Number of protein chains: 2
Amino acid sequence: MKPGNPYNAQCPTRLILDRVGDKWAVLLLGLLRKEPMRFNALRRHIDGISQKMLSQTLKNLERDGLVKRHAIATVPVTVEYSITPLGMTLAKAVDPLRHWAETHLKDVQASQRRYDGSQKDAA
Amino acid sequence: MKPGNPYNAQCPTRLILDRVGDKWAVLLLGLLRKEPMRFNALRRHIDGISQKMLSQTLKNLERDGLVKRHAIATVPVTVEYSITPLGMTLAKAVDPLRHWAETHLKDVQASQRRYDGSQKDAA
DNA sequence: CGGGATCCGCATCGATACTG
DNA sequence: CAGTATCGATGCGGATCCCG
């Protein structure tokens, strides 16, 4: 990846897309958007997620300033995550995509079936 | 990944995000949005991409009905790719995200620096 | 409860070579 | 020119164990 590429990976959109493309990030943002949540609560709501990915994704989101972490020094530590104003604006920017997905998914899937059908006689 | 997860991976948004998160898909869509292009022209415009990934990404986009492939039977085969109306609508749905990226990237990066700075004394 | 550290399989991606 | 096929490295992501 030498420098000078017209459309290379360090454009802002690519950078953000990498975050948004993260398997769990948008899901987490979508949950926290509704209400703050604790670590294991998040874990239970998404339970296909491993604690490693949850922890890692939350850390990235926090690093990006999209999510805030509150640690309360109770007897067993209590940690609550909430979305930040910045995170809120991102969540809103993703909405059109969410909407597109819901309205056009069937078109995409129909196209996929057509494509797969026209390919299978090439056996 | 057992079934029954409240927010699991087969929601429409996740499905689309997987496509959009593809490293090159949005880039390609962005190029084809302006004008149809040939295989090697695309390759030259993005040249960090390998021909394998270009071919693969184009095939996926075509399968999803977002891009159309025209093969012209000239002496050396000529193939031109163009965006479809459906692909156009997706490209437009991505625009808010692109805009968010451009306006907030500096905030994100500032947050990252703050975060990294506050962490480094934990050595 | 809220994680960090480690091990490891599996999919992804790049490089190379070959084809029509 | 426009790809396909194969190989090998890399790294994401899951499982498990452990700690404050």
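All values below were derived from every heavy atom in this structure, side-chain atoms included, with hydrogens, water molecules and symmetry-related copies excluded. In what follows, every chain begins at residue 1, and chains take the letters A, B, ... in the order their sequences are listed. Source: prediction; values computed, not measured.
Checking side-chain atoms of A/Thr57 against main-chain N and O of A/Leu54 turns up no donor-acceptor pair under 3.5 Å. For A/Lys68 (side chain) and A/Gly65 (main-chain N/O), no donor-acceptor pair under 3.5 Å exists by modelled atom type. At distances below 3.5 Å, not a single donor-acceptor pair connects side-chain atoms of B/Ser55 with backbone N or O atoms of B/Gln51.
Regarding A/Arg69, its CZ atom lies at a distance of 5 Å from the P atom of C/dG3, rounded to whole Å. When the C1' atom of C/dA15 is taken as reference, atom CD of B/Gln56 falls 14 Å away, rounded to whole Å. Counting to the nearest Å, the C1' atom of C/dC1 and the CG atom of A/Leu42 are 13 Å from each other. Put simply, CG on A/Asp22 is 15 Å from C1' on C/dT12, counting in whole angstrom units. Atom CG of B/Asn60 is separated from atom P of C/dC13 by 10 Å (rounded to the nearest Å). Atom CG in A/Leu54 sits about 10 Å away from atom C1' in C/dG2, given to the nearest Å. Atom CZ in A/Arg44 sits about 12 Å away from atom C1' in C/dG2, given to the nearest Å. Summarising the geometry, the separation between CD1 on A/Ile46 and P on D/dG13 is reported as 14 Å, rounded to the nearest angstrom.
Shown for residues 72-82 of chain A: residues whose heavy atoms fall under 4.0 angstrom of DNA chain C, namely A/Pro76, A/Val77, A/Val79, A/Tyr81.
The side chain of A/Met53 approaches D/dG14 more closely than any other nucleotide in the set D/dG14, C/dG2, C/dC13. Side chain of A/Lys23, nearest nucleotide from D/dG3, D/dG13, C/dG14: D/dG13.
For B/Gln51 against D/dT4, a side-chain-to-base donor-acceptor contact under 3.5 Å is present.
In summary, A/Lys23 and B/Asp18 do not engage in a salt bridge, as defined by a charged side-chain N under 4.0 Å from a carboxylate O. Ion pairing of B/Asp95 with B/Arg33 is present here, as a side-chain N (NZ or NE/NH1/NH2) and a carboxylate O approach within less than 4.0 Å.
Listed pair A/Lys52 / D/dT16 fails the phosphate criterion, with no side-chain N or O lying under 4.0 Å from OP1 or OP2. A close approach under 4.0 Å does occur between a side-chain nitrogen or oxygen of A/Arg38 and OP1 or OP2 of C/dG2.
Taking both residues in full, the closest heavy atoms of B/Pro96 and A/Ala93 are given as CB-O, 3.8 Å, listed atom of the first, atom of the second, then distance.
Few gaps surround NE2 on B/His70; more than 12 heavy atoms of other groups in view lie less than 6.0 Å from it.
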